[in-house]
Amino acid sequence: MWLKNDRISLRALEPEDLSLLYDWENNADNWSFGNTVAPYSRQALHEYMQHADLELYTSRQLRLIITENKTGQAVGSMDLFEFD
């Protein structure tokens with residue numbers, strides 16, 4: 001766990017997060033929170049996840065999953081992008 005408080009934790013992406021990311025990324029209501037203007041395919045997200053373990057200074061981006069400590073359920077994500 002990277003960051004944790006009494007209610008939530010931030011963790012790295014896991015392969016089983018693919019369906020969750022697919023749902024979140026393709027919900028047009030969420031597009032205003034990032035720079036998305038079109039849906040993503042499962043394949044595109046799968047490829048992104050394969051490279052998500054690259055070092056922040058190399059990839060210039062980082063995505064972490066927000067989980068509830070009580071349930072362990074993923075409730076959101078946090079993205080850093082265009083990091084300099």
Side-chain angles (χ1 to χ4, degrees):
M1 261 341 117
W2 260 34
L3 299 173
K4 185 176 185 176
N5 69 19
D6 58 325
R7 295 182 55 208
I8 62 167
S9 299
L10 300 177
R11 65 166 174 78
L13 286 170
E14 297 290 347
E16 52 272 6
D17 294 323
L18 179 60
S19 291
L20 189 58
L21 286 180
Y22 181 80
D23 290 343
W24 288 344
E25 291 291 346
N26 291 307
N27 180 342
D29 292 338
N30 295 333
W31 292 358
S32 64
F33 299 110
N35 60 359
T36 303
V37 294
Y40 287 96
S41 68
R42 284 187 188 277
Q43 181 63 32
L45 289 171
H46 177 71
E47 289 174 14
Y48 167 78
M49 290 176 71
Q50 286 182 317
H51 302 288
D53 62 344
L54 292 177
E55 212 263 341
L56 176 60
Y57 292 100
T58 302
S59 67
R60 297 185 59 221
Q61 63 184 4
L62 173 68
R63 174 172 288 184
L64 299 171
I65 299 296
I66 304 165
T67 60
E68 287 183 325
N69 291 338
K70 267 187 181 177
T71 65
Q73 181 178 356
V75 295
S77 67
M78 184 209 78
D79 292 297
L80 295 175
F81 56 96
E82 298 182 14
F83 179 81
D84 187 10

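The first residue of the sequence shown is numbered 1, and numbering continues consecutively from there. Fair warning: this is a prediction, and the values are worked out from it, not measured in the lab.
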Heavy-atom closest pair, residues Met49 and Glu14: CE-O, 2.9 Å

Close side-chain approach of Leu18 and Leu20, heavy atoms under 4.5 Å: no

Nearest non-hydrogen partners of Tyr40 and Glu25, listed with the distance: CE1-OE1, 3.6 Å

Interatomic distance, Leu21 atom CG to Glu16 atom CD [nearest 0.5 angstrom]: 11.0 Å

Ser41 side chain near His46 side chain, heavy-atom distance below 4.5 Å: no

Sole candidate of Ile8, Ile66, Leu10 that passes side-chain contact (heavy atoms from CB on, under 4.5 Å) when paired with Leu3: Leu10

Heavy-atom pair with the smallest gap, counting every atom of Ile65 and Ala74: CG2-CB, 3.6 Å

Point-to-point distance, once rounded to the nearest 0.5 Å, from CG of Asp17 to CG of Leu45: 11.0 Å

side-chain hydrogen bond (donor to acceptor under 3.5 Å, both in side chains) contacts in which one or both residues fall within residues 69-81, not counting sequence neighbours: Ser9-Asn69, Arg63-Asp79, Glu68-Thr71

Atom of Tyr22, atom of Asn26 and distance for their closest heavy-atom approach: O-ND2, 2.9 Å

